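Small disclaimer: the values here were computed from a predicted structure and weren't measured. The sequence lines fix the lettering, A, B, ..., with proteins before strands; numbering per chain opens at 1. Hydrogens, waters and symmetry mates are skipped; everything else that's a heavy atom, side chains included, is used.
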There are 2 protein chains.
Amino acid sequence: MTHPDPKPDEPTGRFAYEGLERIFHEKARLGIMTSLVTHSRGLVFADLKDLCQLTDGNLSRHLQILHEAGFVEIWKGFHKKRPQTLCRVTEGGRQRFLEYINVLETVVQDALKAASGSPSSPKLAEGWSPI
Amino acid sequence: MTHPDPKPDEPTGRFAYEGLERIFHEKARLGIMTSLVTHSRGLVFADLKDLCQLTDGNLSRHLQILHEAGFVEIWKGFHKKRPQTLCRVTEGGRQRFLEYINVLETVVQDALKAASGSPSSPKLAEGWSPI
DNA sequence: GAGACACGCTTTACTCTATAAAGCCGGCAG
DNA sequence: CTGCCGGCTTTATAGAGTAAAGCGTGTCTC
């Protein structure tokens, strides 16, 4: 074997988390993407808004961003003579989001590993002063 | 039993993730906190900088923010006649960070649950147009 | 038929913030 | 004493999240 312990995604620095794509790493958009991945047939604007507890303007802007990135499709239609917007995640969006989620999983693992280990902080040697 | 299925942290809306504290939910600070929780005895500025792959100014600012929030302690000292800064997570910081991590874990669970389920998007009914 | 009102979003304006670049300060070498 | 380097801080700027305002269409009521 050439590589006893490959560790594919960690060139040099630990805890750098380069894979945490900015576009997904945002409370509101995390909720939107999770909602859309969960409901693969799509969600109308109002339902998505309720699921994610967002205001209209807010959801609109985030959807615009995700759409420009090619991660969600936006379809316009009508329901009872009122306009309706249907949102669906694209296949690419789905994949990239799940990659992001994998990185997030390693973050959680790292943190929990640390938590189980060291209990509490010891005193410092002389010569250090706070603040 | 009064509550068959309590679900403590979910009042009404799903995928809202209110527990995702802004101060931790940031790539750089996630790395810093994980590093500090992992090294409970503390880390000097330079080591932390390398671990998180941050620039000096960047790390300085993020530490300042975390310190003002009471989540990290900053100690000043000297090493070989050069100033050194030692950073340690506070007990409160450690706790709050792990709470944040728990929320992050539910995000990951939600997304992965969705991923295992629905495969791909069906066609839309007539009357919808894209963009 | 003309306001008034509600629905379903979009657009705008503001504030906050991450980060690159510049600055600062003491020690050391020549 | 002049310049340079290590070890951070401070500043400046671009970018982004979000509350508030705006807009267009349908549906009442009088």
Closer than 3.5 angstrom, by distance alone: can the side chain of [X] be matched with the main-chain N or O of [Y] as a donor-acceptor pair?
X	Y	value
B:S40	B:V37	no
A:S35	A:L48	no
A:R29	A:L66	no
A:H25	A:E21	no

[X] [atom1] to [N] [atom2], straight-line distance once rounded to whole Å:
X	N	atom1	atom2	value
A:L54	C:dG8	CG	P	17 Å
B:D56	C:dC24	CG	C1'	13 Å
A:D50	C:dG8	CG	P	11 Å
A:F45	C:dC9	CZ	C1'	6 Å
A:R22	C:dT17	CZ	C1'	10 Å
A:H25	C:dT17	NE2	P	15 Å

Quiz prompt | Partner residues of A:K27 under the salt bridge (charged side-chain N to carboxylate O under 4.0 Å, His left out) criterion, sequence neighbours left out | solution = none
Self-check item: Any residue meeting side chain to side chain donor-acceptor pair (under 3.5 Å) with A:D47, in chain and number order, not counting sequence neighbours
Solution: none
Quiz item: Taking for each residue the nucleotide of DNA chain D with the nearest heavy atom, is it A:E26 or A:G57 whose nucleotide lies nearer the 5' end?
Solution: A:E26
Self-check item: Pairs meeting criterion ring pair (Phe, Tyr, Trp, His ring centres under 6.0 Å) with involvement of residues 50-75 of chain B, two or more places apart
Solution: B:F24-B:F71
Quiz prompt | Gap separating the CG atom of A:L104 from the CD atom of B:E105, nearest 0.5 angstrom | solution = 10.5 Å
Quiz prompt | Value rounded to 0.5 Å, distance of CD in A:Q109 from CD1 in B:I101 | solution = 10.0 Å
Quiz item: Is the A:Y100 ring parallel, tilted or perpendicular to the A:F97 ring (thresholds 30°, 60°)?
Solution: parallel
Quiz item: Is there a residue in residues 74-84 of chain A whose heavy atoms reach under 4.0 Å of DNA chain C, and which residues are they?
Solution: A:K76, A:R82, A:P83, A:Q84
Quiz item: Can A:R94 and A:E99 be counted as an ion pair, charged N to O under 4.0 angstrom?
Solution: no
Exercise. Using a cut-off of strictly less than 4.0 Å between a heavy atom of the residue and any atom of DNA chain D, enumerate the qualifying residues of residues 61-69 of chain A by number.
Key: A:R61, A:H62, A:I65
Practice problem: On DNA chain D, reading 5' to 3', which nucleotide is the first and which the last to sit with an atom under 4.0 Å from a heavy atom of chain A, could you check? | Solution: D:dG17 to D:dT27
Quiz item: Has B:N58 got a side-chain N or O lying under 4.0 Å from the OP1 or OP2 atom of C:dA20?
Solution: yes
Quiz prompt | Phosphate contact (C:dC9 OP1 or OP2) by A:S60 side-chain N/O below 4.0 Å | solution = no
